[in-house]
Structure formats: structure tokens, C-alpha cells
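Quick note: residue numbers are just sequence positions, from 1. Counting starts at 1 for both ligands and their atoms, following the listed order.
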Amino acid sequence: MTTMAREMLRIDSIDAGYGPIAVLHQVSLSVGANESVAIIGANGAGKSTLVRAVCGLLPITAGAIRKQGAEISALPSHRRAREGIGIVLENRHLFGELSVRKNLELAEWHGLHRAVERRFTLADVVGLFPFMASRLDAAVQLLSGGEQQMVAIARALLLQPDLLVMDEPSTGLAPKVLRHIVEAVGTLRERGMSILLVEQNVALAAEVADRAYVMSLGRIVREIHPSEWAGVLDSGEVLRAYLGA
Ligand SMILES: Nc1ncnc2c1ncn2[C@@H]1O[C@H](COP(=O)(O)OP(=O)(O)O)[C@@H](O)[C@H]1O
Ligand SMILES: [Mg+2]
């Protein structure tokens, strides 16, 4: 009972899909408090569908989603944000014509609805992504893809989440930008943020996640425990079996 309540996120046997198209089949997983968990899997495995179900953009048709013990399956997306689920979606969903500052201030304002102990401030997120200091007044659409990804993460943090969910933040990014993001995720882990990271890049997942689940054809087919990462990377078995590598 106590372990359940302390669990940041618990997904029990959920199904979800798009109308008649069933995508997720009895997916179960958990993210502990202060834990960083990755979901890895090939294109089309259902990872983004899972993210949409967690953040309330897609209804589930079976099972339950709980945050810190409380069922949130029926809450609309904005209520889940208020319950502390911060999301960085695949295509970032920033306001391109608005400045970095305006995008962040909007989130900061929404984040005021949450009573939390250690609040992220604008200064904190600029500290996390220093490039933003000189770009606060630039329109977001003028930034590079990597810079936009960092703004999307900063915005999610200003909503004051205790669970940060990211859908493939590495997609299309240059290695150097990727390092910035990996380091920022490392800092967030040190600060005790619980993280659910969807990632096709297994080496990257191993670097930032304590544990992982492998998803294939809408099912969780394997769990990778902390001590298994090295073996998974060395043998290549998981990559061959599930990631088409
Ligand atoms: N809006 C949608 N309508 C219908 N099918 C979709 C939609 N979005 C995704 N799918 C299907 O759901 C499956 C899983 O997609 P997705 O969750 O995006 O996978 P991943 O993120 O792992 O690449 C795919 O077969 C995809 O074609
Ligand atoms: Mg996806």
C-alpha cells in the first residue's frame, strides 16, 4: 500500500487506440519517485500513443493510470498537468511567433496553480539551458530544432511537474545539442525529478534512465533492470530483436 502511494506513476494493463485501431494492449509499467525510466522500441511500437494516454490526449479503453496512488485515467489533459505531469511532446507544440520569454511566462503562470516545495523559476531553467539567456526575446520559430527542444523542456518544468514525460527529445538533433539535453536531464535527476523518457536511441536511454521497458507492437515485451544495461548494450540482442538494428 505504501509503496503504491509513493509510486509516481503506475499504469495497469491499459488498452488504447484510435477508433477501431487498437494500438496499446495491456500495457503496465511504473515509475518510482525520483526514478528515471525509459521506454524504448522501434518506430510504430506505440510509444507516442502511450505518452498521449498518460497525458490525457487519448482516452484509454481498459485499465487504469494512477499518479501517487490517485487514479487520473478520466482527467482531461490540463488537469493532469495540474496534478504534476509535465509533457514534452514529439512536435514540441510551442507558440512559434511568440518569444522564448512569452512561451515560458505562459507556462510559469499556469504553474502557479500548483503548490510545490521547490519551484522552478525562469532563472532556474535559463541556468539549465544557458543559451536561452541571450535568446529570451527571440521568436521561437527563429531558433534551431535543438534550441526549441530545450525551450519545450523548460516550459514543461515551469508547470512545476513532479513527473516529466518526454517523447523522443533526441529526434533530429545534432550530437552537441544532445549533450546539453542529456546533461540537463542528469541535473533534473539529481534534483529528484521523476522521469519517463521515450527514446529510440538505446545508448542514450541507458545514460539517462535507471530502468527501461521495451515496447513492441503495442505491448511491453521486456523490462531492463539497472544491472542489465551493460549487457543489453554489449550483446545487441534487444536491439536486434525489437529495434530493427
Ligand atoms: N492518429 C492516429 N490515427 C491512427 N493510427 C495512428 C495514429 N497515430 C498513430 N497511429 C498508429 O499507432 C501505431 C503506433 O504509433 P506511435 O504510437 O506513434 O508509435 P511510436 O511512437 O512508437 O513510433 C502505429 O501503427 C501508427 O500508425
Ligand atoms: Mg513516437
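- Under the 3.5 Å distance criterion, with hydrogens and angles disregarded, no donor-acceptor pair is assigned to the side chains of E90 and T171.
- Using modelled atom types, one finds a donor on one side chain and an acceptor on the other under 3.5 Å when comparing D167 with S48.
- Of all the heavy atoms of Q200, none lies under 4.0 Å from any atom of ligand 1, so neither backbone nor side chain is involved.
- For atom 10 (N) of ligand 1, the nearest protein heavy atom lies under 4.0 Å away.
- A 4.5 Å side-chain heavy-atom check between V198 and M166 finds every atom pair outside the cut-off.
- For E90, the N, O or S atom with the smallest separation from the Mg ion (ligand 2) is OE2.
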Open item on the list: Applying side chain to side chain contact (heavy atoms under 4.5 Å, CB included) to I14 and T61, what does each step give before you reach the verdict?
Closed with: CA-CA 7 Å; I14 63 167; T61 52; over 6 Å; no
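- Near A42, with a cut-off below 4.0 Å to any heavy atom, the atoms of ligand 1 are 22 (O).
- In this structure a side-chain-to-backbone donor-acceptor pair under 3.5 Å is present from Q160 to F120.
- Using the six-membered ring where Trp is involved, H110 and H113 have ring planes that are tilted, between 30° and 60° apart.
- Note on I87 and I181: separate hydrophobic clusters, where clusters join Ile, Leu, Val, Met, Phe, Trp and Tyr whose side-chain heavy atoms are under 4.5 Å apart, directly or indirectly.
- In terms of polar-atom proximity, G44 is counted as a contact of ligand 1, with an N or O under 3.5 Å from an N or O of the ligand.
- Considering both main-chain and side-chain atoms, V23 never comes within under 3.5 Å of ligand 1 through any nitrogen or oxygen pair.
- Both I39 and L9 belong to a common hydrophobic cluster when Ile, Leu, Val, Met, Phe, Trp and Tyr are linked at side-chain heavy-atom distances under 4.5 angstrom.
- Of all protein heavy atoms, the one lying nearest to atom 15 (O) of ligand 1 is T49 OG1, 3.9 Å.
- Under the 3.5 Å distance criterion, with hydrogens and angles disregarded, no donor-acceptor pair is assigned to the side chains of Q26 and S13.
- At least one N/O/S atom of S48, from backbone or side chain, sits under 2.8 Å from the Mg ion (ligand 2).
- Taking every heavy atom of R52 and a limit of under 4.0 angstrom, the matching atoms of ligand 1 come to 8 (N).
- Of all protein heavy atoms, the one lying nearest to atom 5 (N) of ligand 1 is Y18 CD1, 3.4 Å.
- The protein atom (non-hydrogen) at minimum distance from atom 19 (O) of ligand 1 is G46 N, 3.2 Å.
- For the pairing with R211, the side chain to side chain donor-acceptor pair (under 3.5 Å) check across H225, E228, E35 returns one residue only, E35.
- Within the 4.0 Å cut-off (strictly below), no protein heavy atom is located near atom 26 (C) of ligand 1.
- The contact set between ligand 1 and A45, taken as ligand atoms under 4.0 Å from a residue heavy atom, comprises 19 (O), 20 (P), 22 (O).
- Taking a cut-off of under 4.0 Å to the non-hydrogen atoms of N43, the atoms of ligand 1 that pass are 23 (O).
- The protein non-hydrogen atom at the shortest distance from atom 18 (O) of ligand 1 is S48 CB, 3.7 Å.
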